[in-house]
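This is a predicted model, so every value here is computed, not measured.
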Amino acid sequence: MPLFWKPYRSDVTDFIATLKQRDPKLEEKQRQGRALLWDRPQDLQTTAEQRESRVPQQPYVYQTKG
């Protein structure tokens, strides 16, 4: 190991670290945004109905029947 070796840190990692220093509440805002769009309760009955109503795809999609 060289005498002046230091661990590599990418530009993206430095950018994110700087961004978090400027806005300490950034991660909390990200969690709130995720909860708003993705973390929703699931309706199991609706999900089951959607799975049952799927039509299987034919082996060759572009072939016409007939």
Side-chain angles (χ1 to χ4, degrees):
M1 187 160 50
L3 189 60
F4 297 107
W5 183 83
K6 63 180 184 177
Y8 174 75
R9 231 176 121 153
S10 71
D11 293 338
V12 175
T13 305
D14 287 336
F15 172 74
I16 292 173
T18 306
L19 199 59
K20 287 180 181 179
Q21 285 177 352
R22 288 182 187 166
D23 188 7
K25 295 184 179 183
L26 180 66
E27 288 186 46
E28 181 60 32
K29 290 177 185 176
Q30 288 177 327
R31 286 191 190 98
Q32 288 174 356
R34 177 193 164 113
L36 179 68
L37 296 174
W38 295 101
D39 298 338
R40 296 181 177 203
Q42 300 295 315
D43 183 12
L44 299 179
Q45 183 178 0
T46 304
T47 305
E49 289 174 359
Q50 289 174 347
R51 282 195 187 123
E52 290 174 4
S53 67
R54 286 188 182 158
V55 177
Q57 184 176 351
Q58 56 185 353
Y60 186 68
V61 183
Y62 301 108
Q63 181 177 357
T64 57
K65 294 180 180 181

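Residue pairs meeting the salt bridge (charged side-chain N to carboxylate O under 4.0 Å, His left out) criterion with at least one partner in residues 47-64, sequence neighbours excluded, do not occur; the list is empty. For the salt bridge (charged side-chain N to carboxylate O under 4.0 Å, His left out) condition, the pairs that include at least one residue of residues 39-48, sequence neighbours left out, are R34-D39.
From Q32, atom CD reaches atom NZ of K25 across 9.5 Å, with rounding to the nearest 0.5 Å.
The local environment of CD in Q58 is crowded, with over 12 non-hydrogen atoms from other residues, nucleotides or ligands closer than 6.0 Å.
Shown here are the side-chain contact (heavy atoms from CB on, under 4.5 Å) partners of R22, two or more places apart in sequence or in another chain: T18. The salt bridge (Lys or Arg N to Asp or Glu O under 4.0 Å) test applied to K29 returns D23, not counting sequence neighbours. Applying the salt bridge (Lys or Arg N to Asp or Glu O under 4.0 Å) rule to D14 yields the partners R9; only residues at least two apart in sequence or on another chain are considered.
Under a 4.5 Å side-chain heavy-atom cut-off, the cluster of Ile, Leu, Val, Met, Phe, Trp and Tyr residues that includes I16 is completed by V12, F15, L19, L26.
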